[in-house]
Amino acid sequence: MKSTVHCKELPCLDVSGLLLRPAYYASGVPDDQQSVGVNPPDFVLSIQLTSQDFPYSLQVLGSCCFPCSLFMVPICLWDPKVVVAVLNIYISDILFGTSPGGNQNSTSHTTRILCWIMTGPKNLESRTNHIRATWAKRCNKVLYMSSTKTDFPTVELNVSEGRENLYWKTIRAFQYIYQNHLDEADWFLKADDDTFIVIENLRYTLSKYDPEKPLYVGRRFSPFIAQGYMSGGAGYVLSKEAVRRFNKGFQTGECTHYSTLEDVAMGKCMETMKVEAADSRDVKGRQVFHPYPPDYYVVRRPPRPRPWYLLYDHYTPVEGPGCCSDFAVSFHYIYAVQMYALEYLTHHLRPYGYKYRFNPDERTEIKTTTKMAKSKSRPESNRESVERTENCCSQTLSIQPH
Amino acid sequence: MFMKGMIMGGIFCLVLSLLASFNPSTEHTTEDHHHHHLQAPSKDELKHFSHSQMEDLSNQVRVYCIIMVQPKILVYWAAAIHTWSKHCDKAVFYTSEASKALEAVDLNEKDDWARLRKALTHAYENAGDLRWFFVAQPTTFAIIENLKYLLLTKDPNEPFYLGNAAKSGELDYVVYDSGIVLSYEALKRLVNVFKDEDKCPERGGSLWNVGEEKQLAMCLKYTGVFAENGEDIHGKGLFNSKSVESLISDSMQANPTNVVEGCCSDMAVTFNGMSPDQMQANPTNVVEGCCSDMAVTFNGMSPDQMQVMMFGVYRLRPYGHDFHDLLIFDPPVGSDND
C-alpha cells in the first residue's frame, strides 16, 4: 500500500550529528566541496550516513521548496531507488523517535510512545473526544481504556467504573498492554481524560533515558512512598522495562492492590520492583508535568508558604514564570474548551520571528553557514540559497509504510 | 469656422479634464485605499527581498503603542505593563486621570472621544522616528511581532487604518476592542482634521451617541483614509474582539468535530507528528473556524489569563519545530515571562 505525502508538509531531517560527506552533483559532475547549491531544479545529493546504525548512502533527487538550513536535509529529496525500506525505518525513527544527530547526549535508541487514556463511557463524548481530536494523534499508539468496549474505540478492561476502581483499571491496562502491545513502543504513558499532553516535549524529555532501564517519569510527589511517586493526573510514563517489572510484580504477588489511590499504589509497586523514580525537570530545573492548569503556576505571586496544591512536590516548587518549562509536557483538569485552547497556543499561535530565550540545542551551524558561502561562487549568503528555490516541489513523495 | 470649432472643442475638453481631476476632498497625490482587506505577506512575496533588504524592513517597522487606561481598572493597567506591552518599541499609557500607583500621560479628560483625540495628538507629537501606531484598550492583548509581520511590506507614508473592520450603515470602521493600527500618514492626516470642527468635532459626537471608534472612522474618511480588515494569507482575521477561549467555544459550536484544525491557519509549515498514512488521511491546513496562527490581538482576558498567554505565546511550544522565519525579533530586555 502506497501513501503519497506532499513534500511541503514534511519537516527537515537533521543530519548534522551524523558523519556525513555530502556530494553534490549537477548533471553528473561531482562536486565534493561542502556547499549547498540548490538552485537548479534537478540535482543529485548524495549523503553517506556513517552513523553506526545506518551505514547506508542516501541518494536524493530533485529540488525542494521547503526551506531547510544547512545540515537540514529536506526529507522530500530522495531517490526511491536507494534502500527505501531501510530509509523508512530510519526516517520514521527520525520523525517519531530520537534523531541520532538531533540530541547531543542521546544514544541510538528510539522514543516511541504508547499513550493509554484512563476513561469511561460517561466521558467519551465530553472529554475523550477532544483528546482524540487534539494530542492523541501524536502518540505512536493510543489506547482508550474503559470498562466497556465501544467503537470509539475503547478497550474493555474487566473493571467497573468508579473512583475506587482506578488502580484496578491501571493494573488491567498495563496487563493488556504487556500482553498485546509491548513491542510497539519504548515508553508507556498513562493519562487521564482531562490531561493535556505535548507529545513532542514528552519525547524530548524521555530521549535522554534508556527505555530498557527500569524508569518511571512524571511529576514527583514526596509523601507515602520513600522514593516518591508520580502524580496520576499530570500523567506518568513507564519505560518498557518498568512495564515488564510491573506485570511481573503482579504475577509473583510482590505487587498487590495496595490502595485505591491509583498514583500512590503505582508508586508502591514501582518502589517494590526497584523501578527508579526519575527527575523530569528541564535543564533549568523547571517542571514539565503539571497536575493543575497553567494559571495555577505561571501567574506571579508574592513570596508565600507553599499553597495546598504544591504541598506534595518532591522538588521545591517555583511560582511564577520560572515554574514551568518552555517544553512543558502536561497540564491537568483541562476540559474541552481549554484542551483546544492549549492545542492552539502550543501548536498554532506563535510570535513570528521571535527568538525564544530558551534554546537548549543552539548549535554553531550559523557560523558554518557563513563559512560555506565562500567555498562556492555564489554571491548570496548560503542561508538564502538554501531557502529560495524557484521550482518548488514538482514531485510528490512516495513512502512505503513498513 | 471649422478651426474655431476645433479650438473651442479642444479648450472645452481640456477644461473638463482639469475639472475632473480636481477633487476638493483629497489633499494628496497618492491613491485612496479603497480596498478593504489588508493581508499579511506570503513567503513567496518575501522571497524577493535580499537579506539586507529584510533587515531594513524589520528595522523600519517599529510600533508606538497607545494604551488607554483608567485608574478604576488598575489591574488591567498593571497587566498590560507586565505582559504584552513590553514588546512594543515604545509603549505609552494614557489615562483619564492620574493615579499614584502607575505612571501614565494624564490627559485629564473624562470624555472618551476627546481623550482618544488627545492621546493620538500626543503620540503624533512624540513619535520620534516611529511610524506605526497601535491603539489598545486595557483589556486588549496584542502580539506585536505578528503585527510587525503584517505591516512589514507596507509603507507608513501611505495612509493605513486597520484592524478588525466592521460596518455601521455606510461607514466602515475599525473595532476599538481588538486594536486600531494607524500609519504615520494616517495619523498625520487625522491630527490635521482634528482642527476642523465641522468635519471632526471634539464634543459633537456625544450628542449623537456615536462611539469613539466610529467618530474616528468618520474623521479619517474625510481625509481619504478608509478602514481595512487585517488578515492572514488565508483570509482569516487577525484582530479579535474576544478571548481565545471564547473564540474556541464559538468554533466548537460551528465545527463540532474539527475545532482546532478548523480554528486556525497554519501559516508556516509545521510538523504534526503524524505517520505518512495519517497525513494523507488528514491533510493539514484546513482553513475554517476560529483563529489564525498569526493572530495579532485578543480581547476580554483577565489579567491572570494575560500572564498565561505570555507563557502560551512566547514560551510554550513543541520541541523540534524550526520555522525558518525570515525575520528575527529579539526578546525584550529585563523581562522574564517571555
Side-chain angles (χ1 to χ4, degrees), chain A residues 3-5 8-12 66-69 72 92 95-96 102 130 133-134 137-138 198-201 203-204 294-295 298-300 320-322 324 326-328 336-338 340-358 380-381 383-384 387-388 399 401, chain B residues 47 50-51 58 82 143 145-146 148-149 244-245 248-249 251-252 257-260 263-264 266 269-280 284 290-291 293-295 304-305 307-309 311-331 336-338:
Chain A
S3 334
T4 49
V5 185
K8 270 189 177 173
E9 277 134 23
L10 292 174
C12 299
F66 193 93
C68 297
S69 54
M72 306 284 273
S92 76
L95 290 180
F96 307 114
H130 308 303
T134 56
K137 58 183 181 276
R138 299 188 185 94
V198 187
I199 293 289
E200 294 94 328
N201 294 346
R203 214 168 257 131
Y204 177 61
D295 56 296
V298 161
V299 176
R300 257 187 242 279
C324 317
D326 285 23
F327 301 128
V337 173
Q338 294 82 7
Y340 292 111
L342 278 171
E343 173 80 7
Y344 173 63
L345 291 177
T346 312
H347 291 92
H348 293 265
L349 181 63
R350 65 182 188 92
Y352 184 83
Y354 187 66
K355 187 163 189 292
Y356 297 106
R357 288 186 198 272
F358 182 54
E380 305 140 42
S381 80
R383 198 195 328 168
E384 266 184 37
E387 283 175 349
R388 320 251 191 279
I399 300 182
Chain B
K47 257 179 9 188
S50 75
H51 193 52
S58 64
H82 293 118
I143 301 167
E145 288 79 5
N146 290 346
K148 290 185 174 188
Y149 184 68
V244 173
E245 294 203 351
I248 294 280
S249 195
S251 184
M252 280 177 75
T257 51
N258 196 13
V259 176
V260 174
C263 163
C264 320
D266 278 8
V269 177
T270 56
F271 175 38
N272 54 26
M274 294 196 276
S275 74
D277 279 300
Q278 283 174 301
M279 286 203 271
Q280 188 196 22
T284 53
C290 94
C291 349
D293 279 23
M294 292 284 135
D304 279 4
Q305 283 176 315
Q307 291 194 54
V308 176
M309 275 298 272
F311 176 70
V313 173
Y314 288 102
R315 293 178 52 206
L316 179 63
R317 61 198 186 277
Y319 177 80
H321 292 216
D322 211 343
F323 292 106
H324 309 282
D325 289 338
L326 301 166
L327 291 177
I328 296 177
F329 295 118
D330 284 324
D336 68 347
N337 60 354
D338 50 19

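Letters A, B, ... are given to chains in the order of the sequence lines, protein chains preceding strands, and every chain is numbered from 1.
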Minimum heavy-atom distance [X]-[Y], with the two atoms named:
X: A/Phe327; Y: B/Arg317; result: CD2-O, 3.5 Å
X: A/Pro294; Y: B/Val308; result: CB-CG1, 4.0 Å
X: A/Asn201; Y: B/Tyr319; result: OD1-N, 2.6 Å
X: A/Pro321; Y: B/Arg315; result: O-NH1, 2.8 Å
X: B/Asp338; Y: A/Tyr354; result: O-OH, 2.6 Å
X: A/Ala328; Y: B/Leu316; result: CB-CD1, 3.8 Å

Original post:
Checking heavy atoms, do the side chain of A/Val337, its backbone, both or neither come under 4.5 Å from chain B?
Top reply: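 Contact with chain B involves both backbone and side-chain atoms of A/Val337.
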
Original post:
Given a strict heavy-atom distance threshold of 4.5 Å, which part of B/Ile143 is in contact with chain A: side chain, backbone, both, or neither?
Top reply: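 Only the side chain of B/Ile143 comes within 4.5 Å of chain A.
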
Original post:
Heavy-atom distance under 4.5 Å to chain A: side chain of B/Phe311, backbone, both or neither?
Top reply: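 The answer is the side chain of B/Phe311.
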
Within this structure, what is the [atom1]-[atom2] distance for the pair [X] and [Y], rounded to the nearest 0.5 Å?
X: B/His321; Y: A/Thr346; atom1: NE2; atom2: OG1; answer: 10.5 Å
X: B/Glu245; Y: A/Leu342; atom1: CD; atom2: CG; answer: 8.5 Å
X: A/Tyr352; Y: B/Phe323; atom1: OH; atom2: CZ; answer: 11.0 Å
X: B/Asp330; Y: A/Tyr356; atom1: CG; atom2: OH; answer: 14.0 Å

Original post:
Would a distance-only check, ignoring hydrogens and angles, find a side-chain to backbone donor-acceptor pair under 3.5 Å from B/Gln307 to A/Arg300?
Top reply: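 Looks like yes, one N/O pair under 3.5 Å.
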
Original post:
Taking the side chain from B/Asp293 and the backbone from A/Arg350, do they hold a donor-acceptor pair closer than 3.5 Å?
Top reply: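 The answer is no, because no donor-acceptor pair under 3.5 Å joins these two groups.
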
Original post:
Which residue out of A/Ala336, A/Gly322, A/Cys324 racks up the most heavy-atom pairs below 4.5 Å with chain B?
Top reply: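 The option with the most such pairs is A/Cys324.
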
Subject >> Residues A/Tyr340, B/Val244; criterion side-chain contact (heavy atoms from CB on, under 4.5 Å); working and verdict >> reply: CA-CA 10 Å; A/Tyr340 292 111; B/Val244 173; over 6 Å; no

Original post:
Does the side-chain contact (heavy atoms from CB on, under 4.5 Å) test come out yes or no for B/Asp336 and A/Arg357, once each step is laid out?
Top reply: CA-CA 9 Å; B/Asp336 68 347; A/Arg357 288 186 198 272; over 6 Å; no

